[in-house]
Amino acid sequence: MKFSKAYEPNEYETDVYALWEKSGAFRPKSNNKAKNYCIVMPPPNANGNLHIGHGLTIALEDILIRYHRLKGDNTWYIPGADHAGFETWVVYERYLESKHKTRFDYSRDELYDQVWNFVHEQRGNMELQLRALGASCDWDSLTFTLDPKVVSTVYDTFEKFYNDKLIYRGKKLVNFCTKHQTAFADIEVTHKEEKGKLWRIAYPLVNPTDDLKEIIVATTRPETMLGDVAVAVNPNDERYKNIIGQNVKLPLTNREIPIVADEHADMSYGTGAVKITPAHDQNDYEVAQRHDLPMITVIGFDGRMTDAAGDHYSGLTTEDCRKQVLKDLEEQGYRRGEENILHDVGHCYKCDTVIEPLLREQWFVDVKPLAQKAIEVLKAGKIKFHPANKKKVLINYLENLRDWNISRQIPWGIPIPAFQNVDDPSDWIYDNRVDQTEIEINGKTYRRDEDTFDTWFSSAQWPYITTSEDQKFFPTSVMETGADLLFQWVGRMIMLSLYTKGDVPFKDVYMHGMVLDEKGQKMSKSKGNVINPLDIVSQYGSDALRLGLIASRSAGVNQAFSSSKVIASRNLCNKIWNISRLAQQIVDENTSPATKLECRSLGEDWICDEINQTSKEIQKLLDSYRFAEAGDLVYDLVWNRYADWFIESQKLWKNVPLIQSTLEQILIIMHPFAPFVTETIWQSLSWTDGMLINQQWPKAYKVDKTKADQFRELIAIITNIRSHFQALPGNDRYPIAFIDDQLMYDNQLLIQHLTKAPSVPQIKIEEIGGLRLAIPGHNIYLQIPADIHAKYKAQLEENILKLGNEINTLEARLRNPKYVERAPKELVEETHNQLATKEDLLAKMKDELELI
RNA sequence: GGGUCGCUAGCUCAGUUGGCUAGAGCGCCUCGUUUACACCGAGGAGGUCGGGGGUUCGAGCCCCUCGCGACCCACCA
């Protein structure tokens, strides 16, 4: 390959990826001595497209993976694809709708097959997109969440739970979406604060007294009164003490219901009397349990009133029924006013339908013992969290967790392996013959549960399912995922893994925040502000997207997407490309036999030292998941140090073996952050072998620290000189004179080259003249004409003043006995040194002032 | 009701055990056609780190408090 003038990512990325993939570089090595490093990718939706959040996920995970691969670890990055039960089902149901069909036109098994085909038509898409993002994952071990090994593990777990009595079937209130006709776990319900009304309704006492003829209840949902079974008052409430145990007549019905005493009734809220509708309210359900009250279901799974609501209301939607009830109450004289309130209402996170709490038989996981164990392990610090505060948040959540409903009334998912005796509804058995709708056991017929598992029940087991073929990778090294999945996924993985494996699922957790749009708004289709990562890839390249996404981003914090960071990153890729182009030119032009790899000038020791330090620093940063800082460091090394100083100085004297070696090291260090451009370069350079992805993280150069430091001094001198030159009128350059200075003497040509000065003469003390540089330890003069020099007087005076202040500060610090006493000795010594340097400089500047 | 996070340069944000001159990218201002790169080079301006108090020799960082903003959890009828 030849180097074109600018790096055009689109020309290389696909080929480079194919090269890696074909070579088997993504497979874990079977080196038994190496450390094992494993990341399981959060499986993207199999039938969906990747969004920008996936871009960030892959960026972070792939940086870690490539870094560890370069470090020689046995590295296994396991990709996945999620059947995404409910998500996909919603999409498919919409598709059915477009064909004027509904789920009720087919059997569950037919629907399952249809969705299976639907998903598999789309599936390749997502995988291609992962490739475009550069994910160096082991495609041979891609796991689909409906693969046989997933299903069988889920069944094993279900059976274990079942036998341990941690899974039970119960008729409880569940969060039900009447549009999607399925129940949800608590965590899947979106709560929104809404304006509502609190209506007051009179329930007449059956045996009125002179003082009290009726009891007034307050409710936000009048339609549920048709299912009332009691009125609760607080046992300590003086107002109602005497009527506890009496009955009231439930308006609009012929029923009489009791007044019960229960702590649930808050004396200070509303009227202090609460109507109890156990079939449609969680609190009421609990009250009913305590008082052994019946439960009357008046709202059906279709969201319409049932026959139990009475002929007058049966079949109405809850909304219409509410109007009707209010109207009827009004007409019959039971209304006692209303007030506007704000209250929280649960909604379906997908369609926004108000979630109905409905009574339904479902499978529940008794999470208490699981959560307890998880809390212990978390408190013991067995899993490190990044950011650290997420651990606390998770513990807080686990401490208040309620049982987990794992049944879903949708066909797309893993069938629940449970069968019910057709002659005895209480007789349930575990059996994994889910391909049959009915089975016979001991002459009894059992019918399969029609429900499927909550997707998260299987996802919660993901780490040990995906690593089952090579268990030395379990627990995995780090779970990297979105901060929004802390409870939904991370917490459940920990619980399930502790339960089935007796071990944590992963050693570390890294959670990233959301990628917001450029204005800091959440991206959503409806807002039309969605950024497609593949568009960015085709415009700026995959590496630019990766570097741009990780820039200035810290763990767990939502942050806006920044196209300027992407562009800056694209520019960096172009920079390293052009550095390499020049390096190749230099190598081509210098065909004489290769000399030894050694440092022959200060700048060479310096760059080796810088690479050594940066390499160390980046390892430290990546080991602690500080991606943004690591990325910054790469940028700074490549651009501000390697290109601006080393490469520039090499234009004077070329050390070809060192150019080759340092470029290689830099490409290796940069590779995790910008895999495509670095590999493309590696493939293009004439002297490199094999593939960059398989190289070893660089070993430190032997450097002469003194020489490296001397070059640092040169940088300071040259920068200072440049600054003066720029400030001079007409952009003129003048000779740079120095007195008795080995560093200056040895580097005259370099200084001249880098400052574009006409000459860098050595002079004698008596020849002093011109502008003195304010550099401690050196006597350097810009030989500018006297008239120009005169203009510097004011500036010089200002500098002297500033320096004087700095000296005062240092002196004050040293005069403080507590500082000298308590601060570390090195620090105090450093302060002394600084003071001495500054005082020396001040003296020289004062001398100069007299010269002008 | 419980909990979490944020407030640092014009903008978007970094800043790990407190250490002395607080950083980056973009933007802004000067200068520059040096054949690696204008997706460039050189230089520069710009910050009382939300307010107040405290701990400390020393605080952007720790503690208290106030203000503003964002988010999560939760059964308040």
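Numbers restart at 1 for each chain; the letters A, B, ... are given by sequence-line order, proteins then strands.
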With A:K172 as the cation and A:F364 as the aromatic partner, state whether NZ or CZ is under 6.0 Å from the six-membered ring centre and within 45° of the axis.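 Yes, cation above the ring, under 6.0 Å and within 45°.
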Is A:R322 positioned over the aromatic face of A:W199, cation under 6.0 angstrom from the ring centre and no more than 45 degrees off axis? no
Are any of A:R722's side-chain N or O atoms less than 4.0 Å away from OP1 or OP2 of B:G43? yes
Does A:R581 have a side-chain nitrogen or oxygen under 4.0 Å from the phosphate oxygens OP1 or OP2 of B:C37?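 Answer yes for this pair, as a side-chain N or O of A:R581 is under 4.0 Å from OP1 or OP2.
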Report yes or no: is there a donor-acceptor pair, N or O only, under 3.5 Å between the side chain of [X] and the base of [N]?
X: A:K5; N: B:C37; value: no
X: A:K522; N: B:A70; value: no
X: A:E629; N: B:A14; value: no

[M] and [N], which share atom name [atom1], separated by this distance in whole Å:
N: B:G27; M: B:U12; atom1: P; answer: 15 Å
N: B:G44; M: B:G23; atom1: P; answer: 14 Å
N: B:A14; M: B:C62; atom1: P; answer: 15 Å
N: B:C13; M: B:G1; atom1: C1'; answer: 34 Å
N: B:U8; M: B:C49; atom1: P; answer: 11 Å

Using a heavy-atom cut-off of 4.0 Å across all strands, would you classify [X] as base, sugar-phosphate, or nothing?
X: A:A551; value: nothing
X: A:S554; value: sugar-phosphate
X: A:H264; value: base
X: A:A483; value: nothing
X: A:W199; value: nothing

Can you tell me the Watson-Crick or wobble partner of B:C31, both distances under 3.5 angstrom? B:G41
Check the distance between [N]'s [atom2] and [X]'s [atom1] and give it to me in whole angstrom.
X: A:K818; N: B:U55; atom1: NZ; atom2: C1'; result: 12 Å
X: A:F561; N: B:C13; atom1: CZ; atom2: P; result: 14 Å
X: A:K392; N: B:C73; atom1: NZ; atom2: C1'; result: 15 Å

Consider the side chain of A:N578, meaning its heavy atoms from C-beta on, and name the nucleotide among B:G41, B:A36, B:G43 that approaches it most closely.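 Shortest atom-to-atom distance from the side chain points to B:A36.
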Find which nucleotide of RNA chain B each of A:E648 and A:K390 is nearest to by heavy atoms, and output the residue with the more 5' nucleotide. A:K390
Could you tell me whether A:K756 atom NZ has more than 12 heavy atoms of other residues or ligands within 6.0 Å of it? yes
